[in-house]
Amino acid sequence: MARVDVAIAGGGIVGLATALKLLERAPGLSVVVLEKEKEVAAHQTGHNSGVIHSGLYYKPGSEKAKTCVEGRRLLVAFCQRHGVPHEICGKLVVATKESELPALAELERRAGENGLSGLRTLAPAEFRKIEPHAAGLRALYVPATGIVDYRAVSAKFAEVIAAAGGRVRTGARVTALSSSESEVRIVAGGEEIEAGLAVNCGGLQSDRLARLDGAEPGLRIVPFRGDYHRLVPDRAGLVKNLIYPVADPRFPFLGVHFTRMIGGGAEAGPNAVPALAREGYTRTSFDLRDAWDTFTYPGFWRMAVRHMGMGLGEIHRSFSKRAFVKALQRLMPDLRGEDLEEGGSGVRAQAMLPDGRLEDDFRIVTHGRAIHVLNAPSPAATASLAIGERIATRVLAMRRD
Ligand SMILES: Cc1cc2nc3c(=O)[nH]c(=O)nc-3n(C[C@H](O)[C@H](O)[C@H](O)COP(=O)(O)OP(=O)(O)OC[C@H]3O[C@@H](n4cnc5c(N)ncnc54)[C@H](O)[C@@H]3O)c2cc1C
């Protein structure tokens, strides 16, 4: 039986960042990342918007706010050091209705409390110098936001882990995980592993991995798919950098936005619709177990009743390109249906509480010798190195106990 100091289930950006930070803090530690897919970053990390978030949105004092600001700094430094292409291009958040102006002002206030500087509120004539095709009443310019390819970041994390003596094993699905007072027994890819400690960074499967360990997570992962459209090449120039609407504060999602991509081109999206498969990337993807888990969860129905109007609107926009384009035209009236072609999609692992509330902050719990990351939604890619740092601190403290 293989023996390691720390085994990490999940080779998304959070699992990889955790391994990287552990090896940085404790060289010589034996660390293995166990990833069920053939490559790292195959799920949320590899299907996201590629935005380096500034830390603008999050409740001051929350883990999201703290780790986003700190993680952005660490991520940019990592990319600079290792030659990962990225750009700090700034973004505009545009209010298109009078009723959104107070929320825009609140964002600016939060940004200040979260330590961001250089923000400016701009009138249309000023914000059009930055984004000539954006329309609205006022916009908040956020200079610290950037773009990157998180698959490329993850691949570089894996390289650095290997160079530091860690292992990233792909094709190694964790099928058993049980922690006692002194160790954790794992079966991955059919092989038994005895680990001093384990960390569950399973993203869309994190609640199930926690249950394998006998921990009752007190929440369920409900998948929300987000579809993207790509701007056709000769219209990609409509978007200079990043243009966002003012997000509905009742939801953790930011609303469909325009994003220039680091590899070239621009995308619009993602919307947010309850998905029938945790790891399915088309509108018709269906997985019986996943759908069952969602529809038998009382919290899902409580949320559905509470947000019926919003939910139906999102589902309509998912199936009707015309409705999707209409939502975007509020931000960019020059956009036409033929400017967009189908893009990819991503599925968010959103932790939902039994009363139907969506868990807003990151949630990381300890059970025996295992640490379970139960909610790491956006901006966890931006924040990954700061989250990894916190988990590494917890792991090293547990090793001393
Ligand atoms: C549509 C969308 C847009 C987003 N946009 C942004 C953005 O612009 N900026 C930003 O900062 N954040 C963004 N996010 C959020 C960000 O992508 C996620 O928070 C982050 O990627 C979470 O990383 P993770 O490692 O926790 O999860 P994942 O990337 O999902 O990784 C979990 C891994 O665990 C593996 N796994 C699961 N079960 C097992 C098992 N039993 N055995 C072995 N391996 C297992 C999976 O295969 C997977 O690779 C977005 C998310 C989505 C979905």
Side-chain angles (χ1 to χ4, degrees), residues 7-19 32-55 57 64 67-68 71-72 75 91 145-151 153-154 157 168-177 186-189 198-210 212-213 221 223-228 242 244 252-254 256-257 259 261-262 267 269-273 275 278-279 281 343-351 362 364 372-388 391:
I8 297 169
I13 201 163
V14 173
L16 294 167
T18 301
V32 64
V33 178
L34 304 163
E35 167 54 51
K36 67 179 164 65
E37 305 294 348
K38 284 200 218 78
E39 53 186 16
V40 298
H43 291 294
Q44 295 178 91
T45 304
H47 291 89
N48 68 20
S49 299
V51 175
I52 303 175
H53 286 296
S54 61
Y57 295 100
K64 269 191 182 175
T67 55
C68 185
R72 168 169 51 82
L75 179 66
K91 86 168 177 182
T145 308
I147 52 175
V148 74
D149 175 353
Y150 285 108
R151 277 184 196 261
V153 174
S154 303
F157 281 4
V168 178
R169 277 185 54 193
T170 51
R173 179 187 293 271
V174 173
T175 49
L177 189 157
I186 295 171
V187 178
V199 187
N200 158 15
C201 298
L204 286 150
Q205 311 293 342
S206 58
D207 56 343
R208 291 174 178 159
L209 281 166
L212 269 186
D213 184 27
I221 295 296
F224 282 86
R225 205 190 57 255
D227 306 309
Y228 293 91
L242 304 166
Y244 279 62
F253 313 126
L254 301 180
V256 285
H257 45 264
T259 312
M261 291 175 295
I262 193 74
E267 279 185 341
N271 52 3
V273 282
R278 293 190 183 194
E279 296 176 354
Y281 296 98
S345 62
V347 184
R348 306 168 180 87
Q350 177 60 54
F362 299 145
I364 303 173
H372 298 279
V373 179
L374 294 171
N375 198 43
S378 187
T382 305
S384 54
L385 288 169
I387 298 173
I391 299 173

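Atom set for the values below is all heavy atoms of this structure, side chains included, hydrogens, waters and symmetry mates excluded. Whatever order the structure lists ligands and atoms in, that order sets their numbers, starting from 1.
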**Student:** I'd like to check Phe157 versus Val168 (side-chain heavy atoms, cut-off strictly below 4.5 Å). Are they in contact?
**Tutor:**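 A side-chain contact is absent here, since even the closest heavy-atom pair is not under 4.5 Å.
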**Student:** Nearest 0.5 Å, please: how far is CD1 in Ile13 from SG in Cys201?
**Tutor:**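 Here the interatomic distance stands at 11.5 Å.
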**Student:** In terms of residue, atom name and distance, what is the protein heavy atom nearest to atom 11 (O) of ligand 1?
**Tutor:**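 Ranking protein heavy atoms by distance from atom 11 (O) of ligand 1, first comes Thr382 OG1, 2.7 Å.
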**Student:** Just to confirm my output: which protein heavy-atom neighbour is closest to atom 31 (O) of ligand 1, and how far is it?
**Tutor:**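 Its nearest protein heavy-atom neighbour is Gly12 CA, 3.3 Å.
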**Student:** Considering both backbone and side-chain atoms of Asn48, is one of its nitrogen or oxygen atoms within less than 3.5 Å of a nitrogen or oxygen in ligand 1?
**Tutor:**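 N/O-N/O distance under 3.5 Å: yes.
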**Student:** If you measure from each non-hydrogen atom of Ala9 to ligand 1, which part falls under 4.0 Å: side chain, backbone, both or neither?
**Tutor:**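 No part of Ala9 is near ligand 1 at this cut-off.
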**Student:** Report yes if the side chains of Ser345 and Pro270 come closer than 4.5 Å at any heavy-atom pair, otherwise no.
**Tutor:**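 No, too far: nothing below the 4.5 Å cut-off.
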**Student:** With a 4.0 Å cut-off on heavy atoms, does Ala349 reach ligand 1?
**Tutor:**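 Outside the 4.0 Å threshold, so no.
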**Student:** With a 4.5 Å cut-off on side-chain heavy atoms, are Ile387 and Ile364 touching?
**Tutor:**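 Yes, close enough: below the 4.5 Å cut-off.
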**Student:** List ligand 1 atoms under 4.0 Å from Gly50, heavy atoms only on the residue side.
**Tutor:**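 Contacts of ligand 1 toward Gly50, numbered from 1: 8 (O).
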**Student:** Which bit of Val347 gets closer than 4.0 Å to ligand 1, counting heavy atoms only: side chain, backbone, both or neither?
**Tutor:**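 Looking at Val347 and ligand 1, just backbone atoms fall under 4.0 Å.
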**Student:** Who's the nearest protein heavy-atom neighbour of atom 27 (O) of ligand 1, and how far?
**Tutor:**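 Of the protein heavy atoms, Gln44 NE2, 3.2 Å lies nearest.
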**Student:** Taking non-hydrogen atoms only, is Tyr228 closer than 4.0 angstrom to ligand 1 via side chain, backbone, both or neither?
**Tutor:**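 Answer for Tyr228: side chain.
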**Student:** Is Ser378 close to Asn48 at the side-chain level, that is, under 4.5 Å between some pair of heavy atoms?
**Tutor:**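 A side-chain contact is absent here, since even the closest heavy-atom pair is not under 4.5 Å.
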**Student:** Would you please name every residue forming a side-chain contact (heavy atoms from CB on, under 4.5 Å) with Phe224, sequence neighbours left out?
**Tutor:**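 Applying side-chain contact (heavy atoms from CB on, under 4.5 Å) to Phe224 gives Val222, Phe253, Pro274, Met303, Arg348, Gln350, Met352, Leu358.
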**Student:** Is the ring pair Tyr244/His257 parallel, tilted or perpendicular, if the boundaries are 30 and 60 degrees?
**Tutor:**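 Parallel, since the angle between the ring planes stays under 30°.
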**Student:** Considering only heavy atoms, which of Cys201, Ala188, Ser49, Ala42 lies nearest to atom 5 (N) of ligand 1?
**Tutor:**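 Answer by nearest heavy atom: Ser49.
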**Student:** As an exercise, state the distance from NE2 of His372 to CG of Leu177, rounded to the nearest 0.5 Å.
**Tutor:**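 Going from the NE2 atom of His372 to the CG atom of Leu177 covers 6.5 Å.
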**Student:** Of the side chain and backbone of Glu37, name the one, both, or neither that has a heavy atom under 4.0 Å from an atom of ligand 1.
**Tutor:**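 The answer is the side chain of Glu37.
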**Student:** Using a strict 4.0 Å cut-off to heavy atoms of Ala380, name the atoms of ligand 1 that fall inside it.
**Tutor:**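 With Ala380 as reference, the close atoms of ligand 1 come out as 19 (O).
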**Student:** Quick test: of every protein heavy atom, which one is nearest to atom 42 (N) of ligand 1, and how far off is it to 0.1 Å?
**Tutor:**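 In this structure, atom 42 (N) of ligand 1 has Val174 N, 2.8 Å as its nearest protein heavy atom.
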**Student:** Can you find a pair of side-chain heavy atoms, one from Val273 and one from Arg225, that are under 4.5 Å apart?
**Tutor:**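 Sidechains of Arg225 and Val273: in contact.
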**Student:** May I ask you to check if ligand 1 and Ala41 share an N or O to N or O distance below 3.5 Å?
**Tutor:**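 No, since none of the N or O atoms of Ala41 sits under 3.5 Å from an N or O of ligand 1.
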**Student:** As an exercise, state the distance from NZ of Lys36 to CD of Glu279, rounded to the nearest 0.5 Å.
**Tutor:**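 Separation between the atoms: 3.0 Å.
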**Student:** Tell me if a side-chain donor or acceptor on Arg151 pairs with a main-chain N or O of Gly46 at a distance below 3.5 Å.
**Tutor:**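 Yes; at least one donor-acceptor contact below 3.5 Å.
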**Student:** Side chain or backbone of Ser384 under 4.0 Å from ligand 1, or both, or neither, by non-hydrogen atoms?
**Tutor:**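 Neither; nothing of Ser384 gets under 4.0 Å from ligand 1.
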**Student:** When you measure from atom 8 (O) of ligand 1 to every protein heavy atom, which one gives the shortest distance, and what is it?
**Tutor:**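 Among all protein heavy atoms, the one nearest atom 8 (O) of ligand 1 is Val51 N, 3.0 Å.
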**Student:** Are any of the N/O atoms in Glu279 less than 3.5 Å from those in ligand 1?
**Tutor:**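 In this structure, Glu279 places no N or O atom under 3.5 Å from an N or O of ligand 1.
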**Student:** Counting heavy atoms only, which of Ala376, Ala383, Cys68 comes nearest to atom 18 (C) of ligand 1?
**Tutor:**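 The option holding the nearest heavy atom is Ala376.
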**Student:** What part of Gln205 sits under 4.0 Å from ligand 1 if we count only heavy atoms: the side chain, the backbone, both or neither?
**Tutor:**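 Side chain only; the backbone of Gln205 stays clear of ligand 1.
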**Student:** Any nitrogen or oxygen of Arg348, side chain or backbone, less than 3.5 Å from one on ligand 1?
**Tutor:**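 N/O-N/O distance below 3.5 Å does not exist for this pair.
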**Student:** Would you indicate whether the side-chain heavy atoms of Tyr150 and Thr382 approach each other to under 4.5 Å?
**Tutor:**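 Counting from C-beta outward, Thr382 and Tyr150 do come under 4.5 Å.
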**Student:** Identify the protein heavy atom lying closest to atom 34 (O) of ligand 1, giving its residue, its atom name and the separation to 0.1 Å.
**Tutor:**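 Checked against all protein heavy atoms, atom 34 (O) of ligand 1 sits closest to Gly10 CA, 3.2 Å.
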**Student:** For ligand 1, which atoms sit closer than 4.0 Å to a heavy atom of His47?
**Tutor:**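 So the atoms of ligand 1 that pass are 1 (C), 2 (C).
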**Student:** Under the side-chain hydrogen bond (donor to acceptor under 3.5 Å, both in side chains) test, which residues partner Arg208, sequence neighbours left out?
**Tutor:**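 side-chain hydrogen bond (donor to acceptor under 3.5 Å, both in side chains) check on Arg208 returns Gln205, Asp290, Asp293.
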**Student:** Do me a favour and list the nearest non-hydrogen protein atom to atom 36 (N) of ligand 1 with residue, atom name and distance?
**Tutor:**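 I find the closest protein heavy atom is Lys36 CE, 3.8 Å.
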**Student:** Is the closest heavy atom of Pro377 to ligand 1 under 4.0 Å?
**Tutor:**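 Pro377 counts as a contact of ligand 1 under the 4.0 Å cut-off.
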**Student:** Applying a 4.0 Å heavy-atom criterion (strictly less than), which segment of His53 is in contact with ligand 1: side chain, backbone, both, or neither?
**Tutor:**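 Side chain only; the backbone of His53 stays clear of ligand 1.
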**Student:** Check whether any side-chain N or O of Glu37 sits under 3.5 Å from a backbone N or O of Glu39 as a donor-acceptor pair, and report yes or no.
**Tutor:**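 No: the side chain of Glu37 does not pair with the backbone of Glu39.
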**Student:** Please could you name the atoms of ligand 1 that Gly202 approaches to less than 4.0 Å, counting only its heavy atoms?
**Tutor:**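 Every atom of ligand 1 under 4.0 Å from some heavy atom of Gly202: 32 (C), 34 (O), 37 (C).
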**Student:** Between Glu35 and ligand 1, does any nitrogen or oxygen pair lie at a separation below 3.5 Å?
**Tutor:**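 Yes; at least one N/O pair falls below 3.5 Å.
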**Student:** For atom 13 (C) of ligand 1, what's the nearest protein heavy-atom neighbour? Residue, atom name and distance, please.
**Tutor:**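 Nearest neighbour among protein heavy atoms for atom 13 (C) of ligand 1, to 0.1 Å: Ser378 OG, 3.5 Å.
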**Student:** Which pair of non-hydrogen atoms, one from Pro223 and one from Val347, has the smallest distance, and what is that distance?
**Tutor:**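 Scanning both residues completely, I find the closest heavy atoms to be CB-CG1, 3.5 Å.
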**Student:** Do Gln44 and Pro377 make a side-chain contact, defined as non-hydrogen atoms from C-beta onward lying under 4.5 Å apart?
**Tutor:**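 They are not in contact (no side-chain heavy atoms under 4.5 Å apart), so the answer is no.
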**Student:** If you take the nearest heavy atom of each of Leu34, Thr45, Thr18, which one is closest to atom 20 (C) of ligand 1?
**Tutor:**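 Shortest heavy-atom distance from atom 20 (C) of ligand 1: Thr45.
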**Student:** Backbone N or O of Ser206 within a donor-acceptor pair of the Asn200 side chain at under 3.5 Å?
**Tutor:**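 The answer is yes, because a donor-acceptor pair under 3.5 Å joins these two groups.
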**Student:** Has ligand 1 got any nitrogen or oxygen that is less than 3.5 angstrom from a nitrogen or oxygen of Gly226?
**Tutor:**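 So ligand 1 has no N or O lying under 3.5 Å from an N or O of Gly226.
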**Student:** Under 3.5 Å, side chain of Arg278 to main-chain N/O of Ile221, donor-acceptor pair present?
**Tutor:**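 It does hold such a pair.
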**Student:** Evaluate Val14 for polar contact with ligand 1, using N/O atom pairs at a separation under 3.5 Å.
**Tutor:**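 Among all N and O atoms of Val14, at least one is under 3.5 Å from an N or O of ligand 1.
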